[in-house]
Amino acid sequence: MSDSPARHLALQGASNFRDLGGYPTSDGRTTRWRHIFRSNHLGQLTAADVEIVRALGVRSAFDFRGLEERAAGICVVNEITVHSLPIEPSVVAALRAELARGTLTAPVALELMRESYRNYVRHHTHSFRNLFGHLLEDRAPLVIHCTAGKDRTGFASALILHALGVPDDVIAEDYLLTNQHYKRDATAAIDLSEDVRNAIGSVEASYLAAAFEAVGKEYGNIETYLRDGLNLGTAERAALKARYLQS
């Protein structure tokens with residue numbers, strides 16, 4: 001629809017700031033616009049960006065970055081309360097270990113990315129559970145982010161859309177939008193080859209699939225994961241839908 005709000009907000013200091021609104025659900029509703037945003041970190045917003053984010057009414061941020069990442073890019077919007085849900089980054093250290101062994105190739109990098117997504121389920125489900133606790137309590141508009149807004153944020157966004165009843169193919173499309181919008185830091189990880197940097201600087205359908213493969217192995221299926229892993233029972237799912245869907 002041409003009168004829908006912009007999904008991607010072209011901020012100067014955050015290239016991957018997007019709205020999770022306007023997606024259809026299996027029961028014929030749509031996700032509400034201007035309630036939940038996903039982004040890369042908010043530490044480099046310009047003064048003009050800050051005004052745009054203020055105008056959106058964003059009051060809460062849910063930050064998956066680790067300790068050093070957070071210190072390197074503190075949110076510059078004073079009105080936003082930042083809730084830390086830390087998942088320490090592990091991929092670059094693992095890549096450098098492979099590099100030191102002389103075994104680093106693009107396929108190895110791709111598999112390390114997939115393994116990091118499996119570990120979201122195996123080791124960090126509590127962070128995503130805490131996110132849903134906030135989604136049920138905090139007031140929207142809100143933003144979910146990590147450093148690039150693609151991996152930890154990508155899995156969190158996929159879980160939110162699943163919980164709201166958005167179909168798998170639409171969730172996959174939202175996930176892959178990062179490849180259109182995210183502008184990488186050209187100076188990051190310059191000791192790694194370009195094909196390896198491409199593997200860690202973009203998203204692939206196989207990454208998200210690896211996370212859901214781990215959901216299947218650990219919990220049986222996504223519905224059981226939402227219920228037992230993320231504490232989203234029937235009442236919580238209904239409350240989420242009442243808050244974040246429109247008919």
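Quick caveat: nothing in here was measured; it's all calculated off a predicted structure.
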Mind listing the side-chain donor-acceptor pairs of residues 140-148 below 3.5 Å, one per line with the distance, residues two or more places apart or on another chain?
from: T147; atom 1: OG1; to: E69; atom 2: OE2; distance (Å): 2.6

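- Between E218 and R118 there is no salt bridge, since no side-chain nitrogen of the basic residue lies less than 4.0 Å from a carboxylate oxygen of the acidic one.
- Between the CD atom in E137 and the CZ atom in R139 there is a gap of 13.0 Å [rounded to 0.5 Å].
- Listed here is the closest heavy atom pair of I87 and R152: O-NH1, 2.7 Å.
- Note: E236 CD to K241 NZ = 13.0 Å, rounded to the nearest 0.5 Å.
- The cationic group of R7 lies under 6.0 Å from the six-membered ring centre of Y23 and within 45° of the ring axis, placing it in a cation-pi geometry.
- When the shell of 6.0 Å around CD of E79 is examined, it contains more than 12 heavy atoms from other residues, nucleotides or ligands.
- Closest approach of R34 and A6 over heavy atoms only: NH1-O, 2.9 Å.
- One finds the OG atom of S39 at 7.0 Å from the CG atom of L45 (value rounded to the nearest 0.5 Å).
- Taken to the nearest 0.5 Å, the NE2 atom of H8 stands 7.0 Å off from the CG atom of L11.
- Proximity of F128 to V121: side-chain heavy atoms (C-beta onward) are nowhere separated by under 4.5 Å.
- Side-chain atoms of T46 and D49 include a donor-acceptor pair closer than 3.5 Å.
- Between the OG atom in S4 and the CH2 atom in W33 there is a gap of 5.0 Å [rounded to 0.5 Å].
- Sorted by first then second residue, the ring-ring contact (aromatic ring centres under 6.0 Å, His included) pairs that include residues 210-237, not counting sequence neighbours, are F155-F212, H162-F212, Y219-Y225.
- Residues R70 and S84 have side chains that bring a donor and an acceptor to within less than 3.5 angstrom of each other.
- Between L240 and A163, the closest heavy-atom pair is CD1-CB, 4.0 Å.
- Using modelled atom types, one finds a donor on one side chain and an acceptor on the other under 3.5 Å when comparing T178 with N16.
- Considering T31, D27, T25 in turn, D27 is the only one that fulfils the side chain to side chain donor-acceptor pair (under 3.5 Å) rule with R29.
- Atom CD1 of residue I36 and atom CG of residue D19 lie 9.0 Å apart, to the nearest 0.5 angstrom.
- In this structure, a donor-acceptor pair under 3.5 Å is absent between the side chains of N40 and Y182.
- Under the 3.5 Å distance criterion, with hydrogens and angles disregarded, a donor-acceptor pair is assigned to the side chains of N198 and R184.
- Between H35 and Y244, the ring planes are perpendicular. Angles over 60° get that label, and only those under 30° would be called parallel.
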> Can you check side chain to side chain contact (heavy atoms under 4.5 Å, CB included) on R227 and L232, steps first, answer last?
Replying inline: CA-CA 5 Å; R227 186 191 70 204; L232 296 175; over 6 Å; no
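- Proximity of a side-chain donor or acceptor of T224 to a complementary backbone N or O of G220 within less than 3.5 Å is not detected.
- With 3.5 Å as the limit, one finds no donor-acceptor pair spanning the side chains of N119 and S116.
- Minimum interatomic distance between V196 and A109 (heavy atoms only, all atoms of both residues): CG1-CB, 4.0 Å.
- With sequence neighbours excluded, no residue forms a salt bridge (charged side-chain N to carboxylate O under 4.0 Å, His left out) with R32.
- Between the side chains of R114 and S206, at least one donor N or O sits under 3.5 Å from an acceptor N or O.
- The aromatic rings of Y117 and Y207 lie tilted to each other, with the angle between the two planes from 30° to 60°.
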